[in-house]
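Here is the structure we will look at, set down as structure tokens.
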Amino acid sequence: MEQIQEKEKTGIDIKDIKGILKKFHNTSESLIAILQEIQKTFNYIPQESVSETAKYLDIPLHQVYSVATFYKAFSLKPKGRNIIQVCMGTACHVRGAQQILEEIERQIGIKSGDTSEDGEFSLETVNCLGACALGPIMVVNGEYHGNMVTSKVSRLLKEYSKK
Ligand code: FES
């Protein structure tokens, strides 16, 4: 028994995970597609799904973990209801992205990479989003907010926490 299996359980129903697994062939080539489906369904990759996937595909647990941690699209931690991304690419950086990031961190009380305790917000930084002329950019749930200034942060956070 690998030690990694001893980690805390998340309360996710194993039946839901098995339902997802059944949609895919039980060969290791299905691993990424399975993880994508799990991420989409639960908004993260729950602990139980890692071990169930390893069992289903008959591959070592660490193989599932290494794929789940390699791709940025996958998260092993539950994400917040609202996903905030701040572009830290060069163009946004020179236009004040760091101050925007710090203001968001201060207002929510979390650091980049974390999720607020109430599950309302997750905060991430990203590199160039390809819309440099609009910098600095803050993206919430895929919606772009360009030419950001620190004074707009509070209003935006309030709007999204109500949605
Ligand atoms: S650097 Fe932010 S969009 Fe390009």
Side-chain angles (χ1 to χ4, degrees), residues 4 7-8 10-12 16-17 20-21 23-24 28-50 53 57 61-163:
I4 218 154
K7 282 189 183 171
E8 196 185 322
T10 56
I12 297 278
D16 294 341
I17 297 167
I20 292 172
L21 293 172
K23 295 190 218 163
F24 298 89
S28 58
E29 286 77 35
S30 305
L31 179 55
I32 291 180
I34 288 173
L35 292 179
Q36 281 172 330
E37 187 70 16
I38 292 170
Q39 175 76 42
K40 203 170 104 192
T41 305
F42 301 106
N43 209 16
Y44 78 115
I45 311 282
Q47 190 69 37
E48 293 89 332
S49 69
V50 175
T53 302
L57 299 179
L61 207 50
H62 67 78
Q63 191 177 335
V64 184
Y65 269 109
S66 58
V67 172
T69 50
F70 180 78
Y71 293 99
K72 241 191 150 182
F74 301 138
S75 170
L76 290 166
K77 282 198 262 171
K79 293 240 182 177
R81 206 173 59 77
N82 298 291
I83 313 287
I84 302 173
Q85 295 169 315
V86 180
C87 179
M88 298 303 283
T90 311
C92 287
H93 188 78
V94 297
R95 292 171 180 218
Q98 184 64 38
Q99 286 92 312
I100 303 296
L101 178 67
E102 284 169 13
E103 182 64 15
I104 299 167
E105 288 180 334
R106 194 183 64 76
Q107 295 214 12
I108 307 177
I110 57 171
K111 291 282 175 201
S112 169
D114 290 341
T115 296
S116 60
E117 263 181 36
D118 60 4
E120 199 62 43
F121 294 106
S122 287
L123 178 60
E124 303 168 352
T125 56
V126 289
N127 289 319
C128 184
L129 292 159
C132 308
L134 298 176
I137 301 176
M138 169 178 171
V139 181
V140 189
N141 305 334
E143 293 171 2
Y144 281 49
H145 300 277
N147 300 310
M148 272 302 294
V149 287
T150 52
S151 58
K152 284 194 203 164
V153 169
S154 166
R155 183 176 49 78
L156 269 178
L157 294 178
K158 274 192 199 119
E159 274 174 28
Y160 281 98
S161 62
K162 276 189 220 142
K163 278 187 184 173

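Along the sequence shown, the residues carry numbers beginning at 1. Just follow the structure's listing: the first ligand is 1, and inside any ligand the first atom is 1.
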For a 4.5 angstrom cut-off between non-hydrogen side-chain atoms, does L157 reach I84?
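SC-SC contact between L157 and I84 confirmed.
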Nearest atoms (heavy-atom pairs only) where T150 meets I100:
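In terms of heavy atoms, the two residues are closest at N-CD1, 3.6 Å.
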Please determine if R106 and E102 form a salt bridge, counting it only when a charged side-chain N lies under 4.0 Å from a carboxylate O.
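So R106 does not pair with E102 through a salt bridge.
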Would you tabulate the side-chain donor-acceptor contacts of residues 66-76 under 3.5 Å, counting partners in other chains and residues two or more places apart, or write 'none'?
{"from": "S66", "atom 1": "OG", "to": "H62", "atom 2": "O", "distance (Å)": "3.2"}
{"from": "S66", "atom 1": "OG", "to": "Q63", "atom 2": "O", "distance (Å)": "3.0"}
{"from": "T69", "atom 1": "OG1", "to": "Y65", "atom 2": "O", "distance (Å)": "2.7"}
{"from": "T69", "atom 1": "OG1", "to": "S66", "atom 2": "O", "distance (Å)": "3.3"}
{"from": "K72", "atom 1": "NZ", "to": "T125", "atom 2": "O", "distance (Å)": "3.3"}
{"from": "S75", "atom 1": "OG", "to": "K77", "atom 2": "N", "distance (Å)": "3.2"}
{"from": "S75", "atom 1": "OG", "to": "K77", "atom 2": "O", "distance (Å)": "2.8"}

Are there over 12 heavy-atom neighbours, none belonging to K23, within less than 6.0 Å of that residue's NZ?
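Yes.
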Against I137, only a single residue in V86, L129, V126 fulfils side chain to side chain contact (heavy atoms under 4.5 Å, CB included); can you say which?
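So, applying the side chain to side chain contact (heavy atoms under 4.5 Å, CB included) to I137 and each of V86, L129, V126, only L129 qualifies.
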Could you count the protein N, O or S atoms found under 2.8 Å away from atom 2 (Fe) of ligand 1?
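There are 2 of them.
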